[in-house]
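In what follows, a structure is listed as structure tokens, so that the remarks can point back to it.
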Amino acid sequence: MSFYLAIVSPLDSPLFELSFPSAKPPPGSSSTSSTSSFPSWSTFTAANGSDLGADGPGAKVGGSMGLLSGESKTGPERDRAMCQMIAHKSLDSVEEMMDGTGSLYLKNIDKHNEWIVSAFIATNVKFILLHDIKNDDGIRLFFLDVWESYVKILLNPFHTVNTPIRNPVFESKIRASAKRNL
């Protein structure tokens, strides 16, 4: 089990992102055989049918499409890029749900293969969480902790609004909240 948090500004630019494994063991299983806590990407295929999850020598993300500079990405880099893509793809769903409800916490708004997307909207800043288990109460409490930490960052006179957050204390608070609630 793993989680990916993205904080996105009102202008849809990323302010903060963090990938972290769950501190709690998965239900119904004592151990996993995978070396990564992220879901497998073997279900993604390119237009020509080649497997995008292949980790063979010279495998490129995007199949025959390749990357702009032609380099290949390793497993963790590919996982990070895939999480970013899923989180930013779900922003349209978040905005649609945002207009129809007055709630701050939007649970299970989108699903992409193994990932479930939940969101928390506060002052037009979107907190997007990708997760692979249902834990609605824990996720809601996690979002409230993240919001509280985010507000404390905004109150810092040395922080400029809508700029990326590069604060080690903020990251440690997010990790502690994830360990406690997720």
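The analysis underlying the following values was restricted to heavy atoms, covering all of them including side chains, and did not include hydrogens, waters or symmetry mates. Quick note: residue numbers are just sequence positions, from 1.
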Determine whether the aromatic ring centres of Tyr150 and Phe127 lie less than 6.0 Å apart. yes
Would you indicate whether the side-chain heavy atoms of Leu141 and Arg180 approach each other to under 4.5 Å? no
Minimal heavy-atom distance between Phe3 and Pro21, with the atoms involved, is CD1-C, 4.4 Å
When rounded to the nearest 0.5 angstrom, what is the spacing between CZ in Phe120 and CD1 in Ile139? 13.0 Å
Is the shortest heavy-atom distance from the side chain of Ser93 to the side chain of Val117 under 4.5 Å? no
How long is the straight-line distance from CD1 of Ile128 back to CG of Leu5, given to the nearest 0.5 Å? 9.0 Å
Check: Ile174 main-chain N/O paired with Ser177 side-chain donor or acceptor under 3.5 Å: no
Considering only heavy atoms from C-beta outward, does the side chain of Ile165 approach that of His159 to under 4.5 Å? yes
Interatomic distance, CG@Leu15 vs OG1@Thr163, rounded to 0.5 Å, equals 7.5 Å
What distance separates Asn167 CG from Lys152 NZ, expressed to the nearest 0.5 Å? 12.0 Å
Indicate yes or no: at least one non-hydrogen side-chain atom of Lys107 is less than 4.5 angstrom from one of Arg140. no
So, for Ala119 and Val94, which heavy atoms are closest and what is the spacing to 0.1 Å? CB-CG2, 3.8 Å
Would you say Ile7 ends up clustered with Leu18 if hydrophobic residues are merged whenever their side chains have heavy atoms under 4.5 Å apart, either directly or through other cluster members? yes
Flag if over 12 foreign heavy atoms under 6.0 Å of NZ, Lys89: yes
pair His131-Leu182: side-chain heavy atoms closer than 4.5 Å: no
Charged N to carboxylate O below 4.0 Å: is that the case for Glu148 and Lys173? no
Approximate separation, where rounding is to 0.5 Å, of Ser118 OG and Ile109 CD1: 7.0 Å
Applying a strict under-4.5 Å side-chain criterion to I, L, V, M, F, W and Y, I'd like to know whether Val146 and Leu155 cluster together. yes
Quick one, Asn162 and Pro10 - any side-chain contact, counting heavy atoms below 4.5 Å? yes
Heavy-atom closest pair, residues Pro14 and Pro164: O-CG, 4.3 Å
Ser149 side, atom OG; Glu171 side, atom CD - distance, nearest 0.5 Å: 12.0 Å
Ile116 with Met82, same ILVMFWY side-chain cluster at under 4.5 Å: no
Is there a path from Val161 to Trp147 through hydrophobic residues (I, L, V, M, F, W, Y) whose side chains come within less than 4.5 Å of each other? yes
Do Asp136 and Tyr105 have side-chain heavy atoms sitting under 4.5 Å apart? yes
Would you call Glu95 and Asp12 a side-chain contact if the rule is heavy atoms closer than 4.5 Å? yes
Are the side chain of Ser2 and the backbone N or O of Phe20 linked by a donor-acceptor pair below 3.5 Å? no
Answer with yes or no whether the hydrophobic clustering places Phe170 together with Phe142; edges join I, L, V, M, F, W, Y residues whose side-chain heavy atoms lie under 4.5 Å apart. yes
Step-by-step side-chain contact (heavy atoms from CB on, under 4.5 Å) determination, Val8 to His88: CA-CA 9 Å; Val8 182; His88 288 283; 4.0 Å; yes
